[in-house]
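Every value quoted in this text rests on a predicted model; they were computed, and no experiment measured them.
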Amino acid sequence: MKPVLFTNARLVDPADGTDAPGDLLVEKGRIAARGTGQGAPEGAIVIDCGGHVLAPGIIDFNVTIGEPGARHRESFKSGGQAAAAGGVTTIVTQPDTDPPIDDPAVLEFAKRRAQEVCAVRVLPKATLTKGGRGREMTEYRFLLDAGAVAFSDGERAVEDPVVFRRCLEYARSVDALVCHFPQEPHFSALGCATEGLFATLRGLPSVPAEAEAIMLTRDIRIAALTGARYHAGCISTAESLAILRRAREGGVDVTCSIAVPHVAMNELDIADFRTFSKVSPPLRHEEDRAAMEEGLREGVIDMIVSAHRPWDEESKRLPFAQASAGGVGLQTILPVCLDLHHRAGLSLPTLFERLSLAPARLLGLEAGTLAPGALADLVLFDPDAPWRIDRKALLSKSKNSPFHDRLVQGRVLGTWVGGKRVFG
Amino acid sequence: MNEHISFPHRHLLGIEELSPRDISEILDKAEDAVVLNRAPRKKQDVLKGLTQINMFFESSTRTLASFELAGKRLGADVMNMSVKASSVNKGETLIDTAMTLNAMHPDILVVRHGESGAVNLLAQKVNCAVVNAGDGRREHPTQALLDALTIRRRKGRLHRLNVAICGDILHSRVARSNIHLLNKMESRVRIIAPPTLCPPGIERLGCEVFHDMRAGLEGCDVVMMLRLQQERMAGGFIPSHREYFHRYGLDEEKLSAAKPDVIVMHPGPMNRGVEIDSDLADDINRSVIQEQVEMGVAVRMAVLELLAGERSGAGGAA
């Protein structure tokens, strides 16, 4: 592979807070040097970045691909193309497939498919419990050996605290990362919107925001009890941030992520029963959305994920309560998040800490930074270019974007994985 | 005579979208229908040649009968479809069912569905007038309109009245539509319900919330009772029918807190002895429950005519 020299770039590196003009040299799939005005080595490909931003590629910690079982919704190929076009260089896949990834053989199938056809790196999660049913733990050691990077039951919470404790205790003995969806399931089963005036007006069955606080509080106690590595996925309320702050002050080592819709939208985006705005957990009140913005700035929120959930049209062309929850997000994560930079003043290094560096650290990857030696997983983008998101133009097989028709600023110009161009 | 029709809506999906003027217009038109309905020869030809399909995804007797009669009295060809028992069970989606019916060129679709927002969804997909006959727990606009007509006829006005809505507010589309309507017409709404059957945030709609029925009924002009749906018992919303009746059932004793000329309403069907005392329900001096049924046909005629009358080319009222 020829060396690649990126010149005339605005380098953004969250690892040291860099946001400055410079050049970047890539050799053998890794970053070789960073600086200004270096000469191109013999035979190198030179890319003039035109002053646009070059940053570590996004590591999306929560992506659903329909393999195995629902390739018509999203395949590793289509999902990989969408990721590459969105500046996402690594996808961490959800295990709640059909069949679920709860066994090394299924995991190996998914990994093989990913290697064959996916344009970006794929790191699979495996289920925390067999079948994702919340009763018995899966074979963590075997699954780790087969390549699982974390354990999760997708959007199902393990209801039984005894089971959850055992999962975490055992996970600790193999140093496994446990990702949980902290929504109290009895409450969650009640509805599809957040309890309050808006849900009442729309006549939608609703869930109190406390459903999240209750489960998160339990989880943190069990994480403290067991000492396991715990990650709270897709939190969405101001109360959750307060709980996490307290836990960290008390010395409990937990991490958390939020999904893009929860910082970019609120319950009013459901408007007149827009099923594309149906996500899980449901969209929250504006105060909660604003708290997510603050949490990202402050750092109580470690990372942002797309929570990419491809659904076919039939799953969304239904009355709101019956429609499937979730939206595609791989291709829109960067432009939608750039709104936090343009409007809310979040610096680009901070944004890429949440998008790239934090997940890299959590997973122990040599990525998420432009430091020499790191994997040459890169995204080049024009942070200012305005465009309108058109769901039909997305590369995902499913077009259920909650951001359809949204005006955004920021367009991906190129994506590289291990120094190889995969988009642009 | 070609009366100008100013009603500025293509569909009737909810009271929330209506202005006070729209509401008054419907009620005024309904007054004409009341007169007509009491005459020996009731048939008109305002909707002659138009097709009305009543599409009920949820079972109903009185609302369906009321819409059917309303359409027929105006001369429309009316067809009833109970969709619950047909194609939806074969996996056909709501939208496909709607598109199929749409291809038959109806002029009016009257739709009831168990999910909030389902009628709005359907209205986006068809090119005829859609009337919401109740969607989930969101709205039941013609019920609120018939209640308003009943009140207006009895009280002479719709403003500055104290109206108590009692019972299962949480699951009630009738309550939501009535709250919107009474707020728009500048009456005061009180909600009387156990906390488990009160929807969150309802007080922010300008309602006063009471968990004690006697206190809530104090000085009321109108009491609207809601049906306690039997399945709520299984959900653990209330401890028992008898305790519910004890605390929230309407009887002489509790009603004595209201104004002497209070009227008692109920959208039906009633659970006698659960939410309303049987004798009280039959007291012709105070109970207007039968009158509500009569006003139902009139209001639905008014709505159908306002939405579809222009299409028929037959002009306004005869």
- Smallest heavy-atom separation, Leu121(B) atom then Pro319(A) atom, equals CD2-N, 3.6 Å
- With sequence neighbours left out, write down each residue that passes side-chain hydrogen bond (donor to acceptor under 3.5 Å, both in side chains) with Ser24(B), or none if nothing qualifies. none
- Below 4.5 Å from any heavy atom of chain B, which atoms of Pro205(A) appear? Answer side chain, backbone, both or neither. both
Between chain B and chain A, which N or O donor and acceptor atoms come closer than 3.5 Å?
from: Glu115(B); atom 1: OE2; to: Gln322(A); atom 2: NE2; distance (Å): 3.3
from: Ser116(B); atom 1: OG; to: Gly203(A); atom 2: O; distance (Å): 2.4
from: Asn120(B); atom 1: ND2; to: Asp272(A); atom 2: OD1; distance (Å): 3.3
from: Arg176(B); atom 1: NE; to: Thr200(A); atom 2: O; distance (Å): 2.5
from: Pro200(B); atom 1: O; to: Thr200(A); atom 2: OG1; distance (Å): 2.6

- Task: Specify which of Val119(B), Ile179(B), Leu170(B), Leu205(B) makes the most heavy-atom pairs with chain A at under 4.5 Å.
- Result: Leu205(B)
